[in-house]
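Here's the structure we're looking at; comments come further down.
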Amino acid sequence: RYETSLQLIDAGVVSGYDSTVESILTKLMFMLGNGKSAEEIVAEIEKQRDNTTAFFAVETLEYLKKGGRISTMSAIIGGVLDIRPVLQVTKDGKVAAVEKVKGEKKMYLKMKELIKNEVEGKDYDLYTLYSDKKENLDKITDMLEADGLKMSGGSRVGAIIGAHAGPGVFGIVIVKK
């Protein structure tokens, strides 16, 4: 007979961060194996949650409009002017446009700049996310790797993110250690 206790932790992980979940579980198993208490494990998982963010971009505004994230007028104007938002999952789990740029090339450059600024001088892991079009992801990872940043893993986005952001969504998850 075993005495058990269950503690729920909001890890702040959005559907599709499979690599992030894997890193949390790996850390949890390591801590259990080293005799850490439940309190220490919870504190470490919450610390990792608070040190995780993601930048991502969409290929088209169509799915953000369909999902109610932007208005029809914003989608039309953004499409005509080729406005590309760079989105971020905020600390409270919300999705926000941190930058809006004109054109695909500027979107990739802005995303690279934001990611580099976020990790500069820090110990971190980078994880990739994409939906159906890996070539979108490959462009940003090639740019980051050319600047010396290394990817720690990656996965495809989940159905919820894919439905709201569309088949061309891609992103980079940053977990500061």
Handout entry: Backbone N/O of I70 and side chain of S74: donor-acceptor pair under 3.5 Å
Key =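 Absent.
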Problem - Side-chain (R156) to main-chain (S131) donor-acceptor, under 3.5 angstrom - result: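 Judged by distance alone, yes, a pair lies under 3.5 Å.
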Using a 4.5 Å cut-off on heavy atoms from C-beta on, say whether the side chain of [Y] contacts that of [X].
X	Y	result
V101	I83	no
M29	T26	no
F56	V89	yes
K112	L144	yes
N51	V175	no
L129	I172	no
R84	K102	no
H164	L64	no

Has [X] got more than 12 heavy atoms of other residues, nucleotides or ligands less than 6.0 Å from its [atom1]?
X	atom1	value
K27	NZ	yes
K139	NZ	yes
E120	CD	no
K150	NZ	no
K105	NZ	no

What is the minimum heavy-atom distance between [X] and [Y], and which atoms define it?
X	Y	answer
D125	S152	OD1-OG, 3.1 Å
D82	E104	OD2-N, 4.1 Å
E40	M31	O-CE, 3.5 Å
L61	G79	CD1-N, 3.9 Å
A57	M107	CB-SD, 3.4 Å
V157	G162	CG2-N, 4.0 Å

[X] bridged to [Y] by N-O distance under 4.0 Å:
X	Y	result
E62	K65	no
D123	K176	no
K36	E44	no

Applying the 4.5 Å side-chain criterion to the ILVMFWY set and letting contacts propagate, would [X] and [Y] be lumped into a single cluster?
X	Y	result
V95	V58	yes
V98	V169	no
L87	I77	no
L114	Y130	yes

Handout entry: Charged tip of K66 within 45° of Y63 ring normal and under 6.0 Å
Key =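 Verdict for Y63: a cation-pi partner in K66.
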Practice task
Step through it carefully: locate the ring centre of F170, locate the ring centre of Y108, and say whether they are under 6.0 Å apart.
Solution key: yes
Exercise for the section: Kindly determine whether K110 and E113 satisfy salt bridge (Lys or Arg N to Asp or Glu O under 4.0 Å), including the steps that lead there. Expected result: CA-CA 5 Å; K110 181 51 73 174; E113 175 189 330; 3.3 Å; yes
Handout entry: Side-chain donor-acceptor contact under 3.5 Å, T53 with E118
Key =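 Absent: no donor and acceptor within the cut-off.
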